[in-house]
Amino acid sequence: MRVSTDPGTTRDPGPPGMECVAVSKRFGAVQALDDLTVTFGAAATGLLGANGAGKSTLLRAALGLSRPDSGTLRILGLDTVADRGEVRRRVGYMPEHPCLPADMSAQDVCVQLARLRGLGRRDAVRRTSEVLFAVGLEEERRRPVGSYSLGMQQRTKLAQALVHGPDLVLLDEPTSGLDPAGREEMLAIVRRLSTELGIRVIASSHVLEDIERTCDEVVVLRSGTLAAQRGVEVDHVLAGPVELRTTGDTGGFAAALEPLLAPHGVTLAPTASGDIGLSASSDAVLDLVRDLAAERGTGVLRLVPAERGLEDVVVDAMGVHRG
Amino acid sequence: MAEREGTDSPRAVLHDIRYSRYDGVLRPRSSAVSGFVASSVRRPLGLRRSAGSKVWPFLLLAAAYLPALAVVAVPLLVPQVPLQPTELISYPNLLTTNSVVLLAFVATAVPSMLTRDRRDRVLSLYFATALSWVEYVVGTALAAVVLLALVVLGPLLVLFVGSIATADDPGGWLGDNLGDLPRIVLAALLVVLFHAALGLAVGSLTSKRVFAVGGYLAVVLVGPVITRVLALVLASDWPLALDPTTGPVLLATAVLDGSGGPGTLAWVVWSVVVAGGFGLLARRYSGGSDA
């Protein structure tokens, strides 16, 4: 039996999935991309941003559907304008909007697109079976797409993006419009692409949780510029600095706590939000905090790591003000 | 693949259908375009679709082939009939007879080749990762030509082949009439190219099928009325050369029977419509935008 190897562990990572160097694109009065310079180097990168931030414009420019006014855009090390044909061959694309012929079956859609991308008929049929199996559509593959649920249509769009064995897939809002069950299935499939199948992924989304669950890195756009770029995994340091918020007299609580923690080498400092900042949080320190709060009858409202989480970074970068 | 040890041929084959990377060699782009042409020809005919979607196109095909098949069948089935099929109906007459069927076929099949892709918004898939706009335009134009050749050239070839089959001396008949074949193909091409260009040009202007069909029918149905009114008003025949319905058929007839034909103006109109139609199509899709 032929067994699929795990390409993710054997493949040379090669050039980054996408590189933008000073890319600008204007539509009339709207500056959709503004001198954007960013490199998508992770196996799976999430592209986040509010409506109008430039996510779709960037994906469309990467695919050659619109040409940047200035700057250089490279996909897998290939220029998206000069090496258009090779980019087309090595990239798969799943648009956000409905884009499937309603009267064709998922099988016919995938076979046709595989053939258009250069596969012979036999290879196209074989690979169509593989991708439809991979996205869980093998039982329904002969029904017209128009009779599919939204989730099945999304999976068909994903299947056609994979059928020619691309090195990179661009997913535009892959969970858009899906019910909770469909969303769970789609997220699981998208995660498999980079972790098990060795396909680089760039996924745009409005939903941070989707990106956290499927990507290794997040790129945040705001008004066509790079607002933030960082890894999704946050390595919280156990026993690291924490922020403490209590009921009642916070200053008095801090004054009472400080001499108790001094022998442990822990210092206290007020935070910008008026909480008590502790320089460390070993079990012994947390026990002392608990005991003091119980002794004084003070409630502990908030005790969280001081390190900023992904959500904080993303929300700040998107310019969203939380109430 | 698993084999039983000690046997030459496998008793059972296991296929691993899990997703794997594709490392095969890609075909040349011409293979992709020919696949696109084949698919674009199948769709308007309802092939690989529901039975209902095959009814109308195959009714029209049957109507187009019926006259040719009938005049071939009569001498074949009734030996007492001494006439050749081409004596029962000539190539120009067959072309004229099929004109109405052709207009109906073009209206239902050709503009929708473009409107359907825009309605389904499938162009973003094609232009992003599958086809260049040039390949799309060339493939669609070729598919339209092949489709219309089924209706225009097919019956003429049936008549030609039927005449060979019913001739007393098929070899001699073929030798005497082989020169008709290039004229038949050229005449059919004149009609096919005209209506393919016109149908695709109209179809490229809108994403609504009903508007595209209506636009094409407006040109081919209202055009003759206008040209005849003009001819009456001006008391001259030259406006008839502008008729988009009979013009290409008259040109084809001139090629088939070697007559003078409708004149230079009809050739100019034909050239303008064909060049302009395909030019408009290319302009509409140039740049690869899916808008």
Side-chain angles (χ1 to χ4, degrees), chain A residues 1-5 7 11 60 63-67 84-85 87-89 91-93 95 97-105 108-109 112-121 123-124 126-127 129-131 133-135 138 144 157 160-167 170 192 196-199, chain B residues 1-3 12-40 42-44 46-50 52-53 112 116-136 139 287-291:
Chain A
M1 177 191 270
R2 176 173 56 80
V3 176
S4 302
T5 57
R11 216 161 237 258
R60 289 175 60 80
L63 291 161
L65 292 173
S66 70
R67 185 175 290 207
R84 186 86 183 82
V87 169
R88 215 181 255 132
R89 194 182 75 76
V91 174
Y93 174 47
H97 59 74
C99 60
L100 301 171
D103 59 338
M104 289 176 78
S105 67
D108 286 349
V109 169
Q112 165 146 344
L113 280 155
R115 293 216 64 200
L116 296 184
R117 290 163 183 153
L119 274 68
R121 173 140 195 97
D123 283 336
R126 181 180 61 78
R127 289 200 56 81
S129 296
E130 290 182 4
V131 292
F133 182 79
V135 301
E138 69 279 12
K157 287 198 294 186
Q160 65 75 30
L162 302 174
V163 72
H164 57 305
D167 296 318
L170 304 180
R192 278 189 63 216
E196 295 179 28
L197 307 181
I199 302 171
Chain B
M1 190 162 66
E3 294 181 21
V13 178
L14 294 177
H15 293 284
D16 179 5
I17 57 171
R18 284 180 296 173
Y19 182 90
S20 59
R21 304 294 295 225
Y22 179 70
D23 296 320
V25 178
L26 293 179
R27 301 282 179 90
R29 292 307 301 162
S30 57
S31 168
V33 174
S34 64
F36 179 63
V37 171
S39 160
S40 299
R42 280 198 301 266
R43 260 184 115 182
L47 301 178
R48 294 185 68 85
R49 302 287 181 283
S50 64
S53 57
S112 59
R116 193 182 43 223
D117 285 344
R118 286 224 295 282
R119 178 202 64 195
D120 294 334
R121 302 177 72 184
V122 74
L123 290 179
S124 59
L125 283 185
Y126 285 168
F127 292 161
T129 59
L131 287 171
S132 69
W133 73 268
V134 174
E135 290 168 341
Y136 179 78
S289 169
D290 59 337

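Basis for what follows: all heavy atoms, side chains included, without hydrogens, waters or symmetry-related copies. In what follows, every chain begins at residue 1, and chains take the letters A, B, ... in the order their sequences are listed.
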If you count heavy-atom pairs within less than 4.5 Å of chain B, which of [options] leads?
options                         : value
Pro101(A), Gly120(A), Gly165(A) : Pro101(A)
Val135(A), Val87(A), Leu100(A)  : Leu100(A)
Leu113(A), Val109(A), Leu116(A) : Leu116(A)

**Message:** How long is the straight-line distance from CD of Gln112(A) back to OG of Ser40(B), given to the nearest 0.5 Å?
**Reply:** 6.5 Å

**Message:** With rounding to the nearest 0.5 angstrom, report the CZ to CE distance, Arg42(B) to Met104(A).
**Reply:** 8.0 Å

**Request:** Identify which part of Arg43(B) has an atom lying under 4.5 Å from any heavy atom of chain A, answering side chain, backbone, both or neither.
**Result:** side chain

**Message:** Just checking Arg48(B): does its CZ atom have more than 12 heavy atoms from other residues, nucleotides or ligands closer to it than 6.0 angstrom?
**Reply:** no

Atom of [X], atom of [Y] and distance for their closest heavy-atom approach:
X         : Y         : answer
Phe127(B) : Arg84(A)  : O-NH2, 2.7 Å
Tyr93(A)  : Ala128(B) : CD2-CB, 3.6 Å
Arg117(A) : Arg29(B)  : C-NH1, 3.9 Å
Val91(A)  : Thr129(B) : O-CG2, 3.4 Å
His164(A) : Tyr22(B)  : O-CB, 4.0 Å

Tell me, for [X] versus chain B, whether the close heavy atoms (under 4.5 Å) come from the side chain, the backbone, both or neither.
X         : result
Glu138(A) : neither
Leu162(A) : both
Asp123(A) : side chain
Pro166(A) : both

**Request:** Under 4.5 Å, counting heavy-atom pairs only, tell me which of Ser132(B), Gly139(B), Pro28(B) racks up the most with chain A.
**Result:** Ser132(B)

**Message:** I'd like to check the side-chain contact (heavy atoms from CB on, under 4.5 Å) partners of Ala124(A); sequence neighbours left out, ordered by chain and number.
**Reply:** Val111(A), Ala114(A), Arg115(A), Leu119(A)

